There are 2 protein chains.
Amino acid sequence: MPVMDLAARLGGAARIETFKADTVLFHRGDVTRHMFGVVDGQAYLRRTTIEGAEIVVHRALGGDLFAEAALFSSSYHCDGIAVAGARIAWFEKTALLDMMQTDGRFAVAFCRRIAGQVQRLRSNIELRAIRSAEDRIMAALSLRLGEGETRYEPAGSWKGFAAEIGLTHEALYRALKRLEQAKRLRRDGPVVELGV
Amino acid sequence: MPVMDLAARLGGAARIETFKADTVLFHRGDVTRHMFGVVDGQAYLRRTTIEGAEIVVHRALGGDLFAEAALFSSSYHCDGIAVAGARIAWFEKTALLDMMQTDGRFAVAFCRRIAGQVQRLRSNIELRAIRSAEDRIMAALSLRLGEGETRYEPAGSWKGFAAEIGLTHEALYRALKRLEQAKRLRRDGPVVELGV
DNA sequence: CGTCCGCTTGACTCAGATCAAACTTGGTGG
DNA sequence: CCACCAAGTTTGATCTGAGTCAAGCGGACG
């Protein structure tokens, strides 16, 4: 169920907007009125711990839905941010819920998406439990790469990548360096090449 | 949609079993044929990191569904374990999917459950990102307690609780001791009382 | 009665966090 | 066109607190 198809089916209950600079789509605690879709660019969900650390809980790229869980909650549980240059689709919550109620196929498809999130989040927890920075990075890269792929370029910056996997950027850069010295990967500007 | 109601609706596509000792319901990688429900007792999902650490990704108590995400995946992504004494309901995957397809209300209700999991998992990630053992414990207790509640007793053991929030049991016990000394909580056998 | 397992405490280690500073790079605006 | 600013990148020095290993206690259960 690609984002644009969904927008077409919802008609007036959907609109698309482009953002020049980083923009907060919603704050934690706001009443939920919309679910979102990333048409182009990226958006991410952010939470802040009591210690003040900001952690990226989810990053959505072009084609992804965003804040699906908000459909079933009265308030957002994270901050939602659209990255500069992103095109974001706004879907009205009520329209989507109606559609699910009446269209079983759609409901199942939607459920499948959310179930996928659950598994990704569990992988994320497993990932963050890896103590060694090097192993954590390698595991994160494996998760992000498809079968047989060997090159990776982070969406955004390496600094952002560090936040996503729960490392400080200093620890990340140092570990990347060690990995390169150990010939477990090679760096070439913003992209890394796995294995040698 | 309580577990027993679901079992009744599914008829022959559901069965209930009781386990004397800890039992593995499924292994990571097994083909998914069932979703589960905890009638009584508890069950948990476990993953093992490359470093060999076993982490508890989810713990289900009486009345909870278990391994919902398996419905939309061809293989399990975690190990599923029934704790000694648990009564577990087995639901056939295909029967459930059919039911969702035909009954929109049921599909939405099911989706709501999974969406709830997503939010709990995100809270969990936030929780595990808290570095200080003391703060992490306090945050975990807050999450588990309802509004106004002040007493908590872990399902299972404190050791298990430690695994759930990503601490070693030693670190947990030490932090509990410090928290008690700082009068942020009081321990009384297996239960803790928040705030003095 | 013995074994298992949760609980508890101690001593030590170490890897990542933290603080600090320099250097790229890209974009803005005068 | 260049000064300037913001943000990412890189490296160094130091610190800290959770992990690890080790050992002893006590209750439950067969």
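Order of the sequence lines sets the chain letters (A, B, ...), proteins ahead of strands, with each chain counted from 1. Computed from a predicted structure; not experimentally measured.
To the nearest angstrom, P of C:dA11 lies 15 Å from CD of B:E170. Taking atom CZ of A:R136 as the reference point, atom P of C:dA15 lies 14 Å away to the nearest angstrom. Note: CD1 (A:I130) to P (C:dA15) measures 16 Å, nearest angstrom. Distance, B:L176 CG to C:dT8 P: 8 Å, rounded to whole Å. Distance CD1 (A:I137) to P (C:dA15): 15 Å, rounded to an integer number of Å. If you take NE2 of A:H169 and P of C:dG16, they are 16 Å apart, rounded to a whole angstrom. If you measure from atom CG of A:L172 to atom P of C:dA15, you get 17 Å, rounded to the nearest angstrom. Straight-line distance from the CD atom of A:E51 to the P atom of C:dA17: 12 Å, rounded to whole Å.
OP1 or OP2 of C:dG16 lies within a sub-4.0 Å distance of a side-chain N or O belonging to A:R178.
Salt bridge annotation for A:D98-A:K93: absent, with no cationic side-chain nitrogen under 4.0 angstrom from a carboxylate oxygen. Salt bridge absent: B:E92 and B:R33 never bring a charged side-chain N and a carboxylate O closer than 4.0 Å.
Side-chain atoms of B:R187 stay outside donor-acceptor range of the base of C:dT8, with no qualifying N/O pair under 3.5 Å.
Counting non-hydrogen atoms under 4.0 angstrom, B:G166 reaches the backbone sugars and phosphates but no base. Counting non-hydrogen atoms under 4.0 angstrom, A:R174 reaches a base of the nucleic acid.
Side-chain proximity of B:S157 to the nucleotides C:dG6, C:dG10, C:dA17 is greatest for C:dG6.
If you find the closest nucleotide of DNA chain D to A:Y173 and to A:R131, the one lying nearer the 5' end belongs to A:Y173.
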| request: Go through the steps for B:W90 and B:F36 under the test ring pair (Phe, Tyr, Trp, His ring centres under 6.0 Å), then give the verdict. | output: CA-CA 5 Å; B:W90 300 59; B:F36 301 84; 4.9 Å; yes
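For DNA chain D, the contact window with chain A, defined by any atom under 4.0 Å from a protein heavy atom, covers D:dG8 to D:dG19 in 5' to 3' order.
Within a 6.0 Å sphere centred on CZ of B:R186, heavy atoms belonging to other residues, nucleotides or ligands number 12 at most. Counting heavy atoms of neighbouring residues, nucleotides and ligands inside a 6.0 Å radius, atom CZ of B:R46 exceeds 12 of them.
Using a distance-only test at 3.5 Å, with no hydrogens or angles considered, no donor-acceptor pair links the side chain of A:E126 to the main chain of B:I55. In terms of modelled atom types and a separation under 3.5 Å, the side chain of B:T49 and the main chain of A:I130 share no donor-acceptor contact.
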